[in-house]
J.: 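Shown below is the structure under consideration.
Positions are given from 1, in the same order as the sequence printed here.
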Amino acid sequence: MKTVIVGAGMIGRAWAISFARSGHDVVLWNKTPARCAEARHYIASVLPVLADKDLLSGSTEAQVLSRISSEEDLGTALSGAFYVQENTAESIPVKREIFAAMDEAAPRDAILASSTSGIVPSLFTDHLGGRDRCVVAHPLNPPYLVPAVDVVPSPWTSSDVLERTAAFLKSCGQTPIMMKKEDHGFLTIRLQGAIYHEAWRLVSSGLAAPEDVDIAIREGLALRWSFIGPFETADLNAPGGIRDFVGRYGELYQQLYPEGAPVKWEGELMDYVEAKRRERLPMNEHKSRQLWRDKRLMALAAHKAAAARSDAE
């Protein structure tokens, strides 16, 4: 399938690698054409490293690079496109202008996705005739190494576009995070922002130095979070699962917010979260999943130890 990268900077060239190594033809377009040549040169420099780590999805370096071309005319670039990934400046006027041009030139069934890190799609698509096929697909950079992608609809994004976007991203090795509605900051940025704010508060209040905060994440929380999320972490940290965890530690976490916790972990919310966890992990499999977690931590510890030895050589 033909995919188009609109804006060939740092994010655009990273997307190009994800799409091309998955077998898709990629056309680069940039307002300044020289950026496309720079992007292709960068991609060529990265491919040998990815090949050495067996991260080209079975393709060779030459095959991946051969799938990436560029066009100076936007209309020509968009002709016959199935999926378009926009990566222009974080500016509402800029995105409104480029999405208007994309909506006019791209095939009517083409998906128009934006890599924006925080602008909700309704702010730059409300004026379009084809606004129903527009969506945010926000990557964690670089997407060819970090698979999660926030998929954020506007109020008028069609369900078909959301389904096709998710299917396309999965075909490229990405892991779509399907938000139910738009929200400033999206999902990954909000979670990251909560950690950033608390990190700055800990240092500002004199509780810790910046390096100690980094250690708490790097050598603590991030080890589990590299393969399970916060809900599964809590679920596995008490013998009776997520409800048991909240019963044991919920009050402590509530007390961390002297002005009141943003949300209380109880009632219908508790019932909903517990039901979703049990869908993912029945209690009769709870102990085996705890053992799986520990084995994954052992493998990660061994990897970090080997990396440390290699760095010391």
Side-chain angles (χ1 to χ4, degrees), residues 2-19 26-40 42-43 68-79 81-108 110-144 149-158 161-162 165 168-169 174 177 179 181-190 192-193:
K2 180 180 179 181
T3 61
V4 180
I5 301 294
V6 174
M10 179 177 64
I11 303 299
R13 68 194 188 189
W15 272 124
I17 293 172
S18 288
F19 299 163
V26 179
V27 177
L28 306 173
W29 178 88
N30 200 88
K31 189 174 183 180
T32 304
R35 294 296 297 276
C36 294
E38 294 170 6
R40 203 166 184 277
Y42 171 83
I43 291 168
I68 301 173
S69 60
S70 63
E71 290 285 353
E72 293 191 9
D73 178 72
L74 180 60
T76 303
L78 293 171
S79 177
F82 166 81
Y83 182 91
V84 184
Q85 188 76 39
E86 171 270 331
N87 316 276
T88 60
E90 288 289 284
S91 160
I92 293 174
V94 169
K95 292 193 183 298
R96 289 180 69 87
E97 180 180 356
I98 193 63
F99 264 79
M102 288 159 48
D103 189 43
E104 180 178 352
R108 181 62 188 89
I111 297 167
L112 305 183
S114 175
S115 294
T116 177
S117 295
I119 304 174
V120 294
S122 62
L123 294 180
F124 55 86
T125 65
D126 61 311
H127 60 306
L128 303 177
R131 65 184 189 172
D132 61 303
R133 41 91 167 258
C134 299
V135 67
V136 163
H138 164 250
L140 278 73
N141 195 45
Y144 58 83
V149 181
D150 290 313
V151 178
V152 188
S154 71
W156 40 78
T157 304
S158 75
V161 164
L162 290 174
T165 300
F168 171 74
L169 291 172
Q174 309 299 139
I177 304 166
M179 292 189 67
K181 57 184 178 180
E182 65 179 21
D183 183 68
H184 290 277
F186 314 149
L187 198 138
T188 56
I189 296 298
R190 279 195 173 276
Q192 183 171 251

J.: Given I17, which partner from the list I43, V26, I68 fulfils the side-chain contact (heavy atoms from CB on, under 4.5 Å) test?
T.: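 The side-chain contact (heavy atoms from CB on, under 4.5 Å) with I17 is passed solely by I43 among I43, V26, I68.
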J.: Is the backbone of V4 close enough, under 3.5 Å, to the side chain of W29 for a donor and an acceptor to pair up by distance?
T.: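 No: the side chain of W29 does not pair with the backbone of V4.
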J.: Who pairs with D126 by salt bridge (Lys or Arg N to Asp or Glu O under 4.0 Å), at least two apart in sequence or on another chain?
T.: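 Expected list: R96.
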J.: So, the side chain of T157 versus the backbone of C134: is there a donor-acceptor pair under 3.5 Å, distance only?
T.: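 Present.
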J.: For Y144, is there any backbone N or O sitting under 3.5 Å from a side-chain donor or acceptor partner on S18?
T.: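 Looks like yes, one N/O pair under 3.5 Å.
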J.: Please enumerate all residues that pass side chain to side chain donor-acceptor pair (under 3.5 Å) together with T76, with sequence neighbours excluded.
T.: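 Scan of T76 (side chain to side chain donor-acceptor pair (under 3.5 Å), adjacent residues dropped) gives D73.
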J.: Please name the pair of heavy atoms, one in A16 and one in I5, separated by the smallest distance, quoted to 0.1 Å.
T.: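 Taking A16 first and I5 second, the nearest heavy atoms are N-CD1, 4.1 Å.
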J.: What residues, two or more places apart in sequence or in another chain, satisfy salt bridge (Lys or Arg N to Asp or Glu O under 4.0 Å) together with E38?
T.: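 Partners of E38 by the salt bridge (Lys or Arg N to Asp or Glu O under 4.0 Å) criterion, ordered by chain and then number, come out as R35.
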J.: Identify whether the distance between the nearest side-chain nitrogen and carboxylate oxygen of R108 and D103 falls below 4.0 Å.
T.: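 Between D103 and R108 there is no salt bridge, as every charged N stays at least 4.0 Å from the carboxylate O atoms.
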J.: What distance do L74 atom CG and E104 atom CD have between them, rounded to the nearest 0.5 Å?
T.: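 Result: 9.5 Å between the selected atoms.
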J.: Got a second to check how far L187's CG is from I189's CD1, nearest 0.5 Å?
T.: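 One finds 10.0 Å between CG of L187 and CD1 of I189.
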J.: State which residues pass ring pair (Phe, Tyr, Trp, His ring centres under 6.0 Å) with F168; sequence neighbours excluded, sorted by chain then number.
T.: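 Ring pair (Phe, Tyr, Trp, His ring centres under 6.0 Å) check on F168 returns F19, H24, F82, Y83.
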J.: Cut-off 3.5 Å, no hydrogens considered: what does the side-chain donor-acceptor table look like for residues 135-143, sequence neighbours left out?
T.:
unit_1	atom_1	unit_2	atom_2	d
H138	ND1	D150	OD2	2.9

J.: Looking only at atom types and distance, does a side-chain atom of K181 sit under 3.5 Å from a main-chain N or O of P153, one as donor and one as acceptor?
T.: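 Judged by distance alone, no pair lies under 3.5 Å.
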J.: For C36 versus N30, what's the shortest heavy-atom pair and its separation?
T.: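 Smallest heavy-atom distance, with atoms named: SG-N, 3.6 Å.
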J.: Has R133 got a side-chain atom pairing as donor or acceptor with A110's backbone, closer than 3.5 angstrom?
T.: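 Between the backbone of A110 and the side chain of R133 there is a qualifying donor-acceptor contact (under 3.5 Å).
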J.: Output the distance between atom CD (E72) and atom NZ (K31), rounded to the nearest 0.5 Å.
T.: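 NZ of K31 is found 14.5 Å from CD of E72.
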J.: Where is the tightest heavy-atom contact between L128 and A100, given as atom of each residue plus distance?
T.: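 For L128 versus A100, the nearest heavy atoms are CD2-CA, 3.5 Å.
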J.: In Å, rounded to the nearest 0.5 Å, how long is the span from NZ of K95 to CE of M102?
T.: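 One finds 9.0 Å between NZ of K95 and CE of M102.
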J.: Specify the closest pair of heavy atoms between P155 and S122, including all atoms of both residues, with the distance to one decimal.
T.: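 Taking every non-hydrogen atom into account, CD-CB, 3.9 Å.
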J.: Taking only distance into account, with no hydrogens and no angle test, what donor-acceptor pairs under 3.5 Å do side-chain atoms of residues 112-121 form with protein atoms, sequence neighbours excluded?
T.:
unit_1	atom_1	unit_2	atom_2	d
S114	OG	E86	OE1	2.5
S114	OG	T116	N	3.2
S115	OG	W15	NE1	2.9
S115	OG	Q85	NE2	2.8
S115	OG	E86	O	3.4
S115	OG	N87	OD1	2.6
T116	OG1	E90	OE1	3.1
T116	OG1	E90	OE2	3.2
T116	OG1	G118	N	3.3
T116	OG1	I119	N	3.0

